[in-house]
Amino acid sequence: QYTYILVDEFQDTNAKQLSLLEYLLNGIQRPNLFIVGDDDQCIYRFQGALETGIHQLEQLFGTFSKYVLFDNYRSFRPLLNAAHHLIKNTPNRLGED
(Lines give C-alpha, C1' and ligand atoms only; values in the text may rest on other atoms or scores of the structure.)
Protein backbone atom coordinates (compact mmCIF):
# COMPACT_ATOMS: atom_id res chain seq x y z
CA GLN A 1 0.00 0.00 0.00
CA TYR A 2 2.85 2.40 0.79
CA THR A 3 5.47 2.92 -1.90
CA TYR A 4 8.03 4.60 0.36
CA ILE A 5 8.35 5.06 4.10
CA LEU A 6 10.69 7.55 5.76
CA VAL A 7 11.44 7.50 9.49
CA ASP A 8 13.46 10.39 10.90
CA GLU A 9 15.12 10.38 14.33
CA PHE A 10 14.94 6.59 14.32
CA GLN A 11 17.16 6.35 17.39
CA ASP A 12 14.16 7.59 19.42
CA THR A 13 11.84 4.83 18.18
CA ASN A 14 10.19 2.73 20.87
CA ALA A 15 8.94 -0.87 20.68
CA LYS A 16 5.38 0.11 19.70
CA GLN A 17 6.61 2.36 16.90
CA LEU A 18 8.88 -0.40 15.63
CA SER A 19 5.91 -2.79 15.71
CA LEU A 20 3.86 -0.29 13.68
CA LEU A 21 6.64 -0.08 11.11
CA GLU A 22 6.78 -3.88 10.95
CA TYR A 23 2.98 -3.96 10.48
CA LEU A 24 3.09 -1.38 7.66
CA LEU A 25 5.79 -3.37 5.87
CA ASN A 26 4.31 -6.80 6.54
CA GLY A 27 4.50 -9.02 3.49
CA ILE A 28 6.61 -6.62 1.42
CA GLN A 29 9.61 -8.55 0.14
CA ARG A 30 11.96 -5.60 -0.36
CA PRO A 31 10.45 -2.54 1.35
CA ASN A 32 11.43 0.98 0.30
CA LEU A 33 12.33 2.08 3.79
CA PHE A 34 14.57 5.06 4.47
CA ILE A 35 15.55 5.75 8.04
CA VAL A 36 17.63 8.54 9.48
CA GLY A 37 19.10 7.97 12.88
CA ASP A 38 22.18 8.18 15.02
CA ASP A 39 22.54 5.40 17.57
CA ASP A 40 24.94 7.63 19.51
CA GLN A 41 22.07 10.07 20.13
CA CYS A 42 19.63 7.63 21.71
CA ILE A 43 18.78 9.79 24.71
CA TYR A 44 15.12 8.91 25.21
CA ARG A 45 15.54 5.50 26.82
CA PHE A 46 13.57 6.85 29.78
CA GLN A 47 10.61 7.14 27.37
CA GLY A 48 11.12 3.66 25.96
CA ALA A 49 13.40 4.40 23.00
CA LEU A 50 15.24 1.30 21.82
CA GLU A 51 18.95 1.83 21.57
CA THR A 52 19.05 -1.43 19.60
CA GLY A 53 16.30 -0.37 17.17
CA ILE A 54 18.59 -0.11 14.14
CA HIS A 55 19.98 -3.58 14.89
CA GLN A 56 16.44 -4.92 15.21
CA LEU A 57 15.65 -3.61 11.73
CA GLU A 58 18.25 -5.98 10.33
CA GLN A 59 16.62 -8.88 12.16
CA LEU A 60 13.21 -7.91 10.75
CA PHE A 61 14.14 -7.02 7.17
CA GLY A 62 17.62 -8.42 6.57
CA THR A 63 20.76 -6.56 5.66
CA PHE A 64 20.37 -3.08 4.26
CA SER A 65 22.63 -0.30 3.03
CA LYS A 66 24.05 2.03 5.67
CA TYR A 67 25.56 5.41 4.97
CA VAL A 68 27.56 6.99 7.76
CA LEU A 69 27.98 10.76 7.63
CA PHE A 70 31.21 12.07 9.06
CA ASP A 71 31.06 15.80 8.40
CA ASN A 72 29.46 17.95 11.07
CA TYR A 73 29.01 21.62 10.36
CA ARG A 74 27.20 22.51 13.60
CA SER A 75 29.95 21.85 16.16
CA PHE A 76 33.58 22.75 16.59
CA ARG A 77 36.26 20.05 16.23
CA PRO A 78 37.34 20.06 19.94
CA LEU A 79 33.74 19.38 21.01
CA LEU A 80 33.35 16.61 18.44
CA ASN A 81 36.64 15.02 19.50
CA ALA A 82 35.60 15.05 23.17
CA ALA A 83 32.21 13.51 22.35
CA HIS A 84 33.83 10.83 20.20
CA HIS A 85 36.27 9.99 23.01
CA LEU A 86 33.31 9.42 25.36
CA ILE A 87 31.18 7.29 23.04
CA LYS A 88 33.70 5.34 20.98
CA ASN A 89 33.66 2.30 23.28
CA THR A 90 29.88 2.06 23.65
CA PRO A 91 28.87 -1.58 23.09
CA ASN A 92 26.76 -2.43 20.02
CA ARG A 93 27.07 1.02 18.41
CA LEU A 94 27.13 1.20 14.65
CA GLY A 95 30.20 3.38 14.74
CA GLU A 96 32.30 4.02 11.69
CA ASP A 97 31.79 0.69 9.92
Side-chain angles (χ1 to χ4, degrees):
Q1 180 177 359
Y2 299 98
T3 306
Y4 300 96
I5 294 180
L6 166 73
V7 181
D8 194 12
E9 299 293 340
F10 190 82
Q11 73 274 1
D12 298 329
T13 303
N14 63 36
K16 289 189 186 256
Q17 292 166 324
L18 190 58
S19 293
L20 174 62
L21 186 60
E22 184 179 9
Y23 175 77
L24 292 172
L25 299 172
N26 186 32
I28 299 174
Q29 192 71 12
R30 294 180 51 86
N32 290 314
L33 175 63
F34 187 91
I35 68 163
V36 178
D38 182 349
D39 59 329
D40 291 331
Q41 292 187 30
C42 185
I43 60 172
Y44 290 104
R45 288 177 54 194
F46 68 94
Q47 291 182 335
L50 302 169
E51 72 180 67
T52 60
I54 294 174
H55 297 289
Q56 289 181 7
L57 272 182
E58 286 186 305
Q59 292 174 354
L60 291 172
F61 304 113
T63 304
F64 51 85
S65 299
K66 295 178 200 145
Y67 301 94
V68 179
L69 303 178
F70 295 103
D71 294 328
N72 182 318
Y73 300 101
R74 297 188 295 173
S75 299
F76 295 106
R77 179 54 44 199
L79 177 63
L80 295 171
N81 290 343
H84 180 70
H85 178 72
L86 290 172
I87 64 174
K88 68 182 176 184
N89 295 318
T90 303
N92 300 318
R93 70 184 285 264
L94 294 176
E96 289 95 29
D97 57 349

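Only a predicted model underlies this, so the values are computations on that prediction, with no experimental measurement involved.
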For Glu9, side-chain hydrogen bond (donor to acceptor under 3.5 Å, both in side chains) partners two or more places apart: Gln11
Distance in Å, Leu79 CG paired with Arg74 CZ, rounded so as to fall on 0.5 Å steps: 11.5 Å
Whichever hydrophobic residues join Tyr67 through chains of side-chain contacts under 4.5 Å: none
Separation of Phe64 CZ from Ile35 CD1 (nearest 0.5 Å): 5.0 Å
Point-to-point distance, once rounded to the nearest 0.5 Å, from OG1 of Thr13 to CZ of Phe10: 4.5 Å
Partners meeting side-chain contact (heavy atoms from CB on, under 4.5 Å) with Phe34 (sequence neighbours left out): Leu6, Val36
Listed pairs under 3.5 Å, donor-acceptor, residues 19-27 side chains, sequence neighbours left out:
unit_1, atom_1, unit_2, atom_2, d
Ser19, OG, Ala15, O, 3.1

Asn81: partners by side-chain hydrogen bond (donor to acceptor under 3.5 Å, both in side chains), with sequence neighbours left out: Arg77
